[in-house]
Q: 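Below is a structure I'd like to ask you about.
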Amino acid sequence: MKYVKRFEPIESDPQILTQLMHRLGVQETFWFDDVLDYKEESHQPALALIAIFPESQNDELEKAIVEAKRTPTITDNIKFLRQTIDNSCGLIAVLHCVLNTIAASSIRHNSILYNAIRSDKGITTFLEESTELEVEYQSAVESGETEIPDDIKYHYVALVGCHDHNLYELDGERSSPLIRGSSLKPGYILNESEQMARIIDSFTHGGIDCSLYKLRQSVGQYNMEMQG
């Protein structure tokens, strides 16, 4: 697909993505954490997930063909962003996790995200034009310590459960949200481990090279939100 400009790829590290999320305006009570074993952690809170996996040119072509034929999913329950900046899939995945969970209610006044949501131009155009966003993103990129290989492209997508009980894959390179299954327990997106296994298998084509990061919230704050 065509992009309006290019960012450097960001390192797949939950601390770096957390740092970026906070710099964009989300309060420090939310953070990303490794999912070491999604089966063992199925009963632990997880507001949303980011999946990171290798994506070849053939994978991209196949996805483009599927999207050209797929009827777009139209729903008011999900905030969906198209990826218009090359290598920004990590940023888009973070935003999808934030905007579609209770983390959105924590966005600080006059922060980058606060202004993006309220922009007359829309969030996507705001992201394309914001120098402040680009500076913060580049700062997060430069905080990485691992060299990103040139021969393998890793792609980031978000998995978000919604109050309509659907589990959505949010991939900015798709035309719209993709329903991946069910999400019956709010705040516990890992609850259905067999379903998660099928989704991961579809990302990796049966391989094992897939990292998962879960969006978490401080326990006390989470309990207060659930009671409210």
Side-chain angles (χ1 to χ4, degrees), residues 1-12 14 16-32 47-52 64 67 72-144 155-164 166 168-179 213 215-217 221 225:
M1 61 182 299
K2 294 182 179 180
Y3 300 104
V4 299
K5 62 180 180 180
R6 183 181 186 276
F7 280 175
E8 291 185 43
I10 195 168
E11 183 178 330
S12 57
I16 291 176
L17 298 184
T18 297
Q19 178 189 61
L20 175 61
M21 178 175 66
H22 292 164
R23 286 180 169 178
L24 297 180
V26 177
Q27 292 181 9
E28 284 71 16
T29 51
F30 295 90
W31 73 96
F32 288 102
L47 300 174
L49 292 176
I50 292 179
I52 306 105
E67 288 303 297
T73 302
I74 300 174
T75 174
D76 293 330
N77 297 324
I78 289 290
K79 292 181 175 60
F80 179 76
L81 303 174
R82 293 297 304 274
Q83 181 185 332
T84 59
I85 302 172
D86 192 16
N87 290 328
S88 68
C89 56
L91 168 66
I92 297 300
V94 168
L95 296 184
H96 275 146
C97 287
V98 170
L99 296 177
N100 290 290
T101 63
I102 55 176
S105 64
S106 80
I107 295 172
R108 294 188 298 272
H109 186 76
N110 278 339
S111 65
I112 294 174
L113 271 183
Y114 179 93
N115 293 329
I117 293 169
R118 289 159 179 78
S119 172
D120 293 336
K121 298 180 178 181
I123 298 178
T124 298
T125 301
F126 180 94
L127 298 178
E128 294 170 357
E129 297 179 351
S130 173
T131 302
E132 187 179 7
L133 167 75
E134 189 165 356
V135 168
E136 294 294 0
Y137 177 86
Q138 184 60 30
S139 178
V141 168
E142 293 173 357
S143 69
H155 190 53
Y156 294 62
V157 302
L159 295 169
V160 176
C162 187
H163 60 76
D164 63 6
N166 285 321
Y168 290 93
E169 174 191 326
L170 304 178
D171 179 350
E173 291 186 344
R174 293 190 182 276
S175 59
S176 68
L178 182 65
I179 297 176
Y213 303 148
L215 178 62
R216 302 185 61 188
Q217 184 182 17
Q221 186 71 18
E225 294 282 354

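In this chain, residues are counted from 1 in sequence order.
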Q: Are the side chains of Ile102 and Gln217 in contact, using a 4.5 Å heavy-atom criterion?
A: yes
Q: Please determine whether side-chain contact (heavy atoms from CB on, under 4.5 Å) holds for the pair Phe32 and Met21, giving the CA-CA distance in whole Å, both sets of side-chain angles, and the decisive distance to 0.1 Å.
A: CA-CA 9 Å; Phe32 288 102; Met21 178 175 66; 3.7 Å; yes
Q: Given side chains that start at C-beta, do those of Tyr213 and Ser12 come closer than 4.5 Å, heavy atoms only?
A: yes
Q: Are any non-hydrogen side-chain atoms of Leu47 and Arg216 less than 4.5 angstrom apart?
A: no
Q: How about Ile85 and Leu91: do any of their side-chain heavy atoms sit closer than 4.5 Å?
A: no
Q: Is it true that the NZ or CZ of Arg82 lies under 6.0 Å from the centre of Phe80's six-membered ring and within 45 degrees of the ring axis?
A: no
Q: Less than 4.5 Å apart, side chain to side chain, heavy atoms only: is that true for Leu17 and Ile50?
A: yes
Q: Closest approach of Ala140 and Ile16, non-hydrogen atoms and distance?
A: O-CG2, 3.5 Å
Q: Salt bridge check, Arg174 against Glu169: does any charged N sit closer than 4.0 Å to a carboxylate O?
A: yes
Q: Among Leu170, Leu215, Leu95, find the residue that satisfies the side chain to side chain contact (heavy atoms under 4.5 Å, CB included) test when tested with Asn100.
A: Leu170
Q: Determine whether His155 and Glu173 make a side-chain contact, defined as any pair of heavy atoms from C-beta on separated by less than 4.5 Å.
A: yes
Q: Check whether any side-chain heavy atom of Leu127 lies under 4.5 Å from a side-chain heavy atom of Ile92, and answer yes or no.
A: yes
Q: Does atom NZ of Lys5 have more than 12 heavy-atom neighbours from other groups under 6.0 Å away?
A: yes
Q: I want to check something: taking the side chain as every heavy atom from C-beta on, are Phe30 and Val98 in contact at a cut-off of under 4.5 Å?
A: no
